[in-house]
Amino acid sequence: MTFFLYFLLEFLTLLSEIKSPKDIKNLSYKELSDLSTEIRKTIIDVVGKNGGHLSSNLGVVELTIALHRVFESPKDAIIWDVSHQCYTHKILTGRYDKLSTIRKKDGISGFTKHQESPHDFFDVGHSSTSISSALGLLTSRKLQQQDGKVIAVIGDGALTGGMAFEALSHGGQIAKNLIVVLNDNQMSIGKNTGSLSRYLSRLTMTSHYQTFRRKFDKAVSKIPFVGKSISNFVFRMKRGLKGIVFSNNLFADLGYEYVGPMDGHNLPELERIFNRIKNLDRPVVVHVITKKGYGYSPAENDPVTFHGIGPFCTSDGTVEKYDTLSFTECFSNSLEKLAEKDEKIVAITAAMMKGTGLTTFAHRYPKRFFDVGIAEQHAVTFAGGLAAGGLKPVVAIYSTFMQRAIDQLVHDIALQNIPAVFALDRAGAVPDDGETHQGMFDIAMMRPIPNLSLLAPASANELYLFLEWAVNQNLPVVVRYPKSSCPPEEDEFSLPVEIGRGVLLKSFAKDTENCDTLFVCTGGIFREVKEAVEILHNGIDNQVVNCHIYNLRFLKPLDKNYFLEIVKPYKNIIFVEDGIRIGGIGTYLESLLQRSYVGKKTAVCGFPDKFIPQGKRNDILENAHLSPDYLAKKVIRLREDTSFNQNGWNK
């Protein structure tokens, strides 16, 4: 299929008739080919407008159709690992009319979500969980004497996660009706690395087995159908013959029937294989080969860029460029500058080279760059080993994915006071991807960890200064920053780093001396706090309020005496953080302040105790009552509030 084919279609004729998987059961292969074309065009058009995961979704169109043709969802449960490739699944399960709302505020999710449809069994956004979830669901059904297969669809990139292997090992022992579909596209988000990738490539590329398999399948297809027994016999024969070709097969050794590799874009072949294995009374791994971005040449040629992408021009694949510098780009530039000066600096990522901004570092310093695959836990402990050997590792991981490695951060880094640096991208509000990707928990999770320093830059200058400081400390350091553009620089952001101390900004106040209200904020939400201050300076509810801002810089450790001196002149103090309010820095500082002073009015603003759905950054902050307008009104309400007792606490 070519790139231009999709733009010759003026009208969609089949998709509008698909309300459930039952509607594709009786379509001819010609109709299914047309349906695949329509689905791809629809996905390209929607992602072109909304942004989203394109390459992964284009790569599984035929696979998804085959699964829904052969199996009976939701009686047969299809579990998608990561689930960023579920757009075709959503279309076929009655959500075509809503696809235009995907990833938008109040729209459908870009991932599977059990509240959306009975065909979505789990809310998923992280990697390597599908086999564990499928095994648990299957076991639950078995104990309750419920019928049905459970199919886990997992990519070869996700298979690099240790949790997937734990589940494979367990499933081979107990799960007769478990089917694991290994979607092998030689990529996770970036190109896969490591021995597992080479192992799968060896299975895929063995030409003599491929020749044998085609000839054998052709011969078998001529045998008249005589029931379930012939299917079992044929598969046992094939397994034995494959054992001659492959002296070692990881999946067979774990107790699975191994089928493949096979063409993941050949719909008749996929259906034929799935129809055979659904009658097998044993766990099965089906190895399919697909191509990311299949059918759309810009995505085929550059699957990394089109993996998770913002709005783009669908006619030629041109991606909109922005003039502003993002925190991710600033991290990339800063780390390269520091690495140029210090040969001991090395960079680590967990299959997110492009997303974390390490692409140019990897090209410039290939021997000092390590992509460990989707293995955040290993990345953290690996960094500890590098540091123990005398290097200066910088680990770049999204905040939401760092949640998976908290034990390693505690046990393998902080406990031993190992000097490794962790750059947490996408901290705070994360646009578009929804509940699974919000970076709202890292402050509350990491502040209690002994020996750990936690910093939050408000600008590009601060991020560079913090990284420079961090790589020269003999202790573990976390630097967290948001997925957003860097705000304009303030003079205070270039001040030297002083442990435990932030910077006080007065210069934009109309009256820098006569001011009784102070915002205390984390760096990731400084832009919104400054906008709130500007609203108050210009007047709101017939009131003009002068405010100063104290940018904390350090969330841990804190110079408590210095902080108390900073806030001493102010009567009204608003704490604002781009993290969850419970257990956050704001509640701690409010408690410290109230124990030290009498009569001060305080308020804490942070993410509420709930998971925040998708939307643009402004939508998310408004939902969480962290928008500039809300913060400005919060100041007015606080100043007018008389419900404080003599100790300053709310009644």
Go through T381 and Q408 one step at a time and tell me if the side-chain hydrogen bond (donor to acceptor under 3.5 Å, both in side chains) criterion holds.
-> CA-CA 6 Å; T381 304; Q408 284 68 30; 5.0 Å; no
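- Close placement of the H53 and F111 rings is indicated, their centers lying within 6.0 Å of each other.
- Judged purely by distance below 3.5 Å, without hydrogens or angles, the side chains of E490 and S459 never pair a donor atom with an acceptor atom.
- The shortest side-chain heavy-atom distance between V395 and V421 does not fall under the 4.5 Å cut-off.
- Side-chain contact between P557 and I499 is present, with heavy atoms from C-beta onward closer than 4.5 Å.
- Residues passing the salt bridge (Lys or Arg N to Asp or Glu O under 4.0 Å) test with E435, sequence neighbours excluded: K113.
- Interatomic distance, NZ of K337 versus CG of L467, reported as 11.5 Å (0.5 Å rounding).
- At least one side-chain heavy atom of I449 sits less than 4.5 Å from a side-chain heavy atom of L409.
- Screening N472, I345, N333 for a side-chain contact (heavy atoms from CB on, under 4.5 Å) involving L338 leaves a single residue, I345.
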Please test M446 against V410 for side chain to side chain contact (heavy atoms under 4.5 Å, CB included), starting from the C-alpha separation and ending with a verdict.
-> CA-CA 9 Å; M446 294 179 182; V410 173; over 6 Å; no
Could you walk me through whether K483 and D425 pass the salt bridge (charged side-chain N to carboxylate O under 4.0 Å, His left out) test, one step at a time?
-> CA-CA 7 Å; K483 183 181 182 181; D425 203 330; over 6 Å; no
With salt bridge (charged side-chain N to carboxylate O under 4.0 Å, His left out) as the test, would you mind laying out the steps for R581 and D609 before giving the verdict?
-> CA-CA 7 Å; R581 187 177 183 273; D609 184 20; over 6 Å; no
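- Remark: side-chain polar atoms of E376 are not paired, donor with acceptor, to backbone N or O of A350 under 3.5 angstrom.
- K634 places no side-chain N or O within donor-acceptor distance of the main-chain N or O of I574, the cut-off being under 3.5 Å.
- Within 6.0 Å of the OH atom in Y562, the count of heavy atoms belonging to other residues, nucleotides or ligands exceeds 12.
- The aromatic rings of H548 and Y570 lie perpendicular to each other, with more than 60° between the two planes, well past the 30° mark.
- A donor and an acceptor atom, one from each side chain of S132 and E166, are nowhere located under 3.5 Å apart.
- Other residues, nucleotides and ligands contribute more than 12 heavy atoms inside 6.0 Å of the CD atom of Q543.
- Between the side chain of H126 and the main chain of T436, a donor-acceptor pair closer than 3.5 Å is present.
- Formation of a donor-acceptor pair under 3.5 Å by the S55 side chain with backbone atoms of P303 is found in this model.
- When the options K601, R639, K568 are evaluated for a salt bridge (charged side-chain N to carboxylate O under 4.0 Å, His left out) with D516, the one that passes is R639.
- For R447 and Y588, the positive end sits near the middle of the six-membered ring, less than 6.0 Å away and at most 45° from its axis.
- Defined by atom type and a distance below 3.5 Å, a donor-acceptor pair is missing between the side-chain atoms of S127 and R404.
- A distance-only check finds no donor-acceptor pair linking the side chain of Q594 to the backbone of S591 [under 3.5 Å].
- Residues P450 and A414 approach most closely at O-CB, 3.3 Å, considering heavy atoms.
- Residues P457 and V479 share a closest heavy-atom pair of CD-CG1, 3.8 Å.
- Taking the side chain as every heavy atom from C-beta outward, L463 and L465 never approach each other to under 4.5 Å.
- In this structure, the side chain of E336 does not engage the main chain of T360 through any donor-acceptor pair within 3.5 Å.
- Relative orientation of the Y398 and F401 rings is parallel, given thresholds of 30° and 60° on the angle between their planes.
- S332 places a side-chain N or O within 3.5 Å of a backbone atom of G357 that can act as its donor or acceptor partner.
- A distance of 5.0 Å separates CG in N572 from CG in L638, rounded to the nearest 0.5 Å.
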For F312 and F306, what are the C-alpha separation, side-chain angles and deciding distance, and is it a ring pair (Phe, Tyr, Trp, His ring centres under 6.0 Å)?
-> CA-CA 10 Å; F312 65 95; F306 284 88; 5.4 Å; yes
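- Checked against a 6.0 Å centroid threshold, the rings of Y365 and F369 do not count as neighbours.
- With contacts defined as side-chain heavy-atom distances shorter than 4.5 Å, the pair L626/F607 qualifies.
- Counting heavy atoms from C-beta on, the side chains of V503 and E462 come closer than 4.5 Å.
- Of the possible donor and acceptor atoms, one in the side chain of Q473 sits under 3.5 Å from a partner among the backbone N and O of W469.
- Of the charged side-chain nitrogens involved, at least one lies within less than 4.0 Å of a carboxylate oxygen, so that R364 and E340 count as a salt-bridged pair.
- The heavy-atom pair separating T328 from G355 by the smallest distance is CG2-O, 3.5 Å.
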Can you list the steps and then say if R617 with E528 is a salt bridge (charged side-chain N to carboxylate O under 4.0 Å, His left out)?
-> CA-CA 11 Å; R617 178 179 171 88; E528 287 73 22; 3.1 Å; yes
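- With a 4.5 Å cut-off on side-chain heavy atoms, V372 and I348 count as touching.
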Side chains of residues 518-526: which donor-acceptor partners sit under 3.5 Å, not counting sequence neighbours?
residue, atom, partner, partner atom, Å
T522, OG1, D578, N, 3.2
T522, OG1, D578, OD1, 2.8

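- Counting only distance, with no hydrogens or angles, the side chain of S128 and the backbone of A158 share a donor-acceptor pair below 3.5 Å.
- A distance of 12.0 Å separates CD1 in I636 from CG in L631, rounded to the nearest 0.5 Å.
- Of the inter-residue distances, the one linking F575 atom CZ with Y550 atom OH reads 11.0 Å to the nearest 0.5 angstrom.
- The shortest heavy-atom contact between A383 and P393 is O-CG, 3.3 Å.
- Using a 4.5 Å heavy-atom threshold, the side chains of L592 and K560 count as touching.
- A cation-pi contact links K600 to Y597, judged by a cut-off of 6.0 Å to the six-membered ring centre and 45° from its axis.
- In terms of heavy-atom proximity, L335 sits nearest to A347 at CD2-CB, 4.0 Å.
- A donor atom on one side chain and an acceptor atom on the other are not found under 3.5 Å apart for Q403 and D442.
- Of the possible polar contacts, none joining the Y481 side chain to the L424 backbone as a donor-acceptor pair under 3.5 Å is found.
- Shortest non-hydrogen contact noted between P476 and N417 is CD-OD1, 3.2 Å.
- Atoms CZ and NZ, on R368 and K344 in that order, are 11.5 Å from each other to the nearest 0.5 Å.
- Atoms NE2 and CD, from H411 and Q377 in turn, are 13.0 Å apart once rounded to the nearest 0.5 Å.
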So L455 and R480, side chain to side chain contact (heavy atoms under 4.5 Å, CB included) or not? Walk me through it.
-> CA-CA 6 Å; L455 294 89; R480 70 182 302 271; over 6 Å; no
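- Judged by a 6.0 Å distance limit and a 45° cone about the ring axis, R637 is positioned over the six-membered ring of Y630.
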